[in-house]
Amino acid sequence: MGQLIIKYHIKYLILRQVSINLYYKIKFLMHYHPENIEPKWRQKWVDESLYKISNESVKPKYYVLDMFPYPSGAGLHVGHPLGYIASDIFARYKRLKGFNVLHPMGYDAFGLPAEQYAIQTGVHPAVSTDENIKRYREQLDNIGFSFDWSREVKTSDPSYYKWTQWIFLQLYHHYYDLSENKAKPIKELISSFEKFGSAYIRSYHSHDSDFTANEWAEMSPKQKDDTLMNYRLAYRKTGYVNWCEALGTVLANDEVKDGLSERGGHPVEKKAMMQWSLRITAYAERLLQDLDTLEWSDALKSMQKNWIGRSEGAQMFFEIVGHEEKLEIFTTRPDTIFGATYLVLAPEHDLVKKITTIEQNENVEAYLEYVSSRSEIDRMSEVKEVSGVFTGAYAKHPFTDNEIPIWLGEYVLKDYGTGAIMAVPSDDERDQLFAKKFGLDIIDVVDKSEYPGSTMHDKTGKIINSDFLNGMEVMNAIQYMFEQIEKTGIGAKKVNYKLRDANYSRQRYWGEPFPIAYNKEGVAQPLSVDKLPLTLPELENFQPASGGKSPLARADDWVGQIPDMTLETDTMPGFAGSSWYFLRYMDASNENEFASKKAIDYWQDVDLYVGGTEHAVGHLMYSRTWHKFLYDLGLVPTIEPFKKLVNQGMITAYGYYAENLKFDDGNTLIGNIKDIKSDHNIHVGSPIRLAYINEHLDSQNRVTKSKFSEYIESIGKHFNVLNDTTKYYWAKDDNGEDYFTVNIIQEKMSKSKYNVQNPDEIVTKYGADCFRMYEMFLGPIEQSKPWDTKGIDGVNRFLRKYWSLYFSEKGWEVSDEAPTAEENKILHTSIRKVTDDIERFSFNTCISAFMVCVNELKRLECNKRQILEPLTILLAPFAPFITEELWEMFGNKTSVHSADYPVFLEKYLIQDTVEYPVCVNGKKRDTVEVSAQLSQAEIQAIALSLDNVKKYVEGKDVQKVIVVPGRMINLVIKE
RNA sequence: GCCGAAGUGGUGGAAUUGGUAGACACGCUGGACUCAAAAUCCAGUGCUAGCAAUAGUGUGCGGGUUCGAGUCCCGCCUUCGGUACCA
């Protein structure tokens, strides 16, 4: 009997357990659990190569590209993926719309930080770079991007940089022909030299003296090489470069910010060095003109325009008294020539030594020494400080024959124009400051009395004191002078650009080696293509070699690997590999070409490029130039590489500063509380960064003493903090508690500021879908905004609500019933809104459209397949995991990401009634719902009959009634 | 200095061609459910006055155009980004 009872009891227990299990299973299903969904699909998409795409397709192509990252040791923070998420949504959207979408990713893997790290730790840059890439890849995969990883590109991979070297050789083997306005083989130039010397050559060059065919024939190989260097698009010259001692290398202009290196913020100085350069100035005009063909923001285009800096002016020759050479100057204001009372040369100008008189020699020498001692930062910080010296020489004014002095001045730049100016102190601020300081003549030549408020900068006024120009308007006088200058043969009209040729040599290890060797005479010998790639040697010590040379100079075996030759030991700069990577993705594993013609002809160019503004001038300028060069060679079919460009804003972090805490040793340095040693005491006095204090702040950004102690403990510190309230500057709040106020500012995310937010943490907590949508929900993509997780619960709630549409207490429950008109209207309103917004890159409003849609469907308790299925596709680009899971539960066998985009049908939006706001004199007084068929007169009558409206209209004169169909009604009455 | 972008509730932001300012969220307040908490759900929420209906007011500031302005025009202020002796 007892046994039986026990038996039953066990049976009951088992049954109970089964039903409990079932209950929990259903309960579990009912709720959204990203941690169970996401890993499964991540794996499945890899297994099925879902995002792998082919170069052959009948579908139209679309190329969505992100600026590839430099894989830094700090890993990705939440700011990096912002642009990637946007582009991924767009790529997925285009795929659903039936395009064959190229959406690749790779790494800009050469660069200084890895090498600096190697110097400090001895870890080979290749090793640390690969580790960093591995970490990046894991972080990227976590977020669910649809990259085709089979096309991954790594600039430091020899199979990639083989082609970077190859393109460099093409640049080396070409010159820029001005008659045809394109790059042409240097061979053609040589044969022209052989026949005609330098005559008949219209090319972009840095050569200053002509030669005959005979002279050419008699040149030594070295002389020929030197001459050709003046024409090649990749050439070697001695020039003043931006030398950074701390980094031990030269930098390009765009790598220098405010006289400091962009990476690291070290001082930069001008130094004369033998360097490889790219003649990008040859392309200046095309780079400027073709901006018009691009769908880039005006802000970005104007940045490029400024950087190119085109200005029209005149080139003029001044005779130097007692010398044969003429002095060539550049001016945009030839109309002011009669106001030119002296000339100024850049201190580095070639003629300085020649024209300086014996009496002035000492002064000039001293001045040159002073100038060379000054770093860029010195020069910049004292821009208004005038310095200069008289050379003792005089020039003849071409129109008055007066002798005017020639000076040297720091404010005239060697690299711009001709490095020499005519100074017109009456109409140029800099010239005026200079003239006043050194007591030089000033002649007024422009009368601006008719233009009150105009400045020296404006090209307005009447010319005076100027002989044949007197009485002319400035703009007319400029034109007239252009003619006069050409007529009298003293010069010519000329266009000048601020853009400089790019320094292309770096004295570093971790970059592409130049495929160049030098023979005993020092003549450059390009390596033949079959020798490529020229790979980097293995090194153990990454310290720069002596004499400002790259560490490669110490690898003797490597340098001397070709008999009787020495290899170039400099390496290429960071922008080399990134100037053409977008082409490599088209055909990433091609061993015979940088990319096949077929692949390039299919993919053409990048339709959408997404990246930060920090590359506005550097990378984008270089890529455009390389692309145009390849176009000239017939290797790419398009003149521009990036049709449309979107700049994502930066995600910043909040910085929390205690304005008045300081160390008890009185040190007032701005510090970071995490870096302060625990045995230190802190005082009130000067800003200290308080990372992660936000949770301890009250609504007025104050922290009380007790909260502050909690905070100190939470960051693992044990200060004897601030116990003596008499000693420190605590304030007292209403409850008598001590507090201080924390100052909150926006700043960059960086490791050293302890404000970096790792996306992995968010993905673990909320799922990738939520992370993606939340980043988009933060605000417009182009805008900079601080990271804040405050609103993430809203998105999380949305996803759970969306999920819950598909489930009842019994589990999955989707009905096959036909949708109501209202349900269809909700769906199609969303389809239209979301589609429009994706097209205009307004992703934040897409998210709110989804929220509105789901809120309304939830209100109607809609679980109809015909509504939910299209909605799932619509949402798939934003939330690829949850939609894929639900899509599968619908019973679909193929991925939601290869489904067809839902079609918007206008018919579901047609309404029988319209709700009108009724305004009186522009102020809303009532609303009224009327039939959509009513005429304007009928609507008017209804509007006037409303009680709320009568109140305002009664006894007054209705002058006008405005009915904007479907929009609003306005009654104009006279008071 | 010059060039460019932007200023909207307590917060992030919406308003696409001049047509209901504050969508959608966060936060906050109150309520339901719960032994309780979390989660969830419901209601409210620009500001001022009022029990309320409602009225006034409100998109950085000052003017203007318009029946109507966050949006267009003129003049300023502030913030951010770029640039810096460019002749």
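All of these numbers come straight from a predicted model, not from anything done at the bench. These values consider heavy atoms only, across backbone and side chains, with no hydrogens, waters or symmetry-generated copies.
- Between the CE atom of M851(A) and the P atom of A25(B) there is a distance of 6 Å, given to the nearest Å.
- In this structure, the NZ atom of K858(A) is 10 Å from the P atom of C42(B), given to the nearest Å.
- Defined by atom type and a distance below 3.5 Å, a donor-acceptor pair is missing between the side-chain atoms of Y766(A) and T789(A).
- Under the 4.5 Å side-chain criterion, counting only non-hydrogen atoms from C-beta, T331(A) is not in contact with V424(A).
- OP1 and OP2 of U54(B) both lie 4.0 Å or more from every side-chain N or O belonging to R925(A).
- Going from atom CZ of F798(A) over to atom C1' of A25(B) covers 12 Å, rounded to whole Å.
- The side-chain contact (heavy atoms from CB on, under 4.5 Å) with L620(A) is formed by just one residue from the set L294(A), T613(A), L645(A); it is L645(A).
- Contact annotation for R840(A): base contact, defined as any heavy-atom pair under 4.0 Å involving a base atom.
- Pairing for G1(B) is with U83(B), a Watson-Crick or G-U wobble pair whose two hydrogen-bonding atom distances lie under 3.5 Å.
- Along RNA chain B, the nucleotide nearest to T418(A) and the one nearest to K833(A) differ in position, and the one closer to the 5' end is contacted by K833(A).
- Residue contacts for K790(A): at a heavy-atom cut-off of 4.0 Å it reaches the sugar-phosphate backbone alone, with no base atom in range.
- Distances from the side chain of E915(A) to the nucleotides U20(B), C24(B), C85(B) place U20(B) closest.
- In this structure, W803(A) and F807(A) have parallel ring planes: the angle between them is below the 30° cut-off, well short of the 60° mark.
- Among the heavy atoms of the strands, none lies under 4.0 Å from Y497(A).
- Among the protein residues, T613(A) comes within range of no part of the nucleic acid, since none of its heavy atoms lies under 4.0 Å from any strand.
- Here C26(B) presents its P atom at 15 Å from CH2 of W787(A), a figure rounded to the nearest Å.
- Contact annotation for P786(A): no contact, since no heavy-atom pair falls under 4.0 Å across all strands.
- Here G7(B) sits opposite C77(B) as a Watson-Crick or G-U wobble pair (both hydrogen-bonding atom distances under 3.5 Å).
- The glycosidic torsion of G9(B) lies within 90° of 0, placing the base in the syn range.
- The residue V852(A) sits close only to the backbone: its heavy atoms come under 4.0 Å of sugar-phosphate atoms, none of a base.
- Within 4.0 Å (heavy atoms only), V344(A) reaches no atom of the nucleic acid at all.
- Under 4.0 angstrom from either OP1 or OP2 of A14(B) there lies at least one side-chain N or O belonging to N844(A).
- One finds no side-chain N or O of T845(A) lying less than 4.0 angstrom from the OP1 or OP2 phosphate oxygen of U16(B).
- Rounding to whole angstrom units, CG of residue D415(A) and P of A84(B) are separated by 13 Å.
- Candidate nucleotides U20(B), G13(B), A87(B) were compared by shortest atom distance to the side chain of P780(A), and G13(B) ranks first.
- The residues D837(A) and K833(A) are annotated as salt-bridged, a charged nitrogen and a carboxylate oxygen being separated by less than 4.0 angstrom.
- Between the CD1 atom of I781(A) and the C1' atom of A14(B) there is a distance of 17 Å, given to the nearest Å.
- Within the shown strands, nothing qualifies as a pairing partner of G68(B) under the Watson-Crick or G-U definition with both distances less than 3.5 Å.
- Rounded to the nearest Å, the gap between the C1' atom of A14(B) and that of U59(B) is 12 Å.
- In a base pair of the Watson-Crick type (N1 to N3 plus N6-O4 or O6-N4) or a G-U wobble (N1-O2 and O6-N3), with each distance short of 3.5 Å, C41(B) is matched with G31(B).
- Residue contacts shown for K801(A) are limited to sugar-phosphate atoms, with no base heavy atom under 4.0 Å away.
- Classification of the F878(A)-F850(A) ring pair by plane angle, with boundaries at 30° and 60°, yields perpendicular.
- A salt bridge links R310(A) to E312(A): one of the charged nitrogens lies within less than 4.0 Å of a carboxylate oxygen.
- The residue I962(A) sits close to a base: some heavy atom pair falls under 4.0 Å.
- With a cut-off of 3.5 Å on both pairing distances, the Watson-Crick or G-U wobble partner of U48(B) is A55(B).
- Between the P atoms of C74(B) and U65(B), the separation comes to 15 Å (whole Å).
- Pairing for G12(B) is with C24(B), a Watson-Crick or G-U wobble pair whose two hydrogen-bonding atom distances lie under 3.5 Å.
- Taking the P atoms as reference points, G13(B) lies 30 Å from A49(B), given to the whole Å.
- Between Q783(A) and G13(B), a side-chain N or O to OP1/OP2 separation shorter than 4.0 Å is present.
- Distances shorter than 4.0 Å separate some side-chain N or O of R800(A) from OP1 or OP2 on U40(B).
- Atom CG of N855(A) is separated from atom P of C42(B) by 9 Å (rounded to the nearest Å).
- Between the side chain of K498(A) and the base of U83(B) there is no donor-acceptor pair of N/O atoms closer than 3.5 Å.
- Of the P atoms belonging to U11(B) and C28(B), the separation is 15 Å, rounded to the nearest Å.
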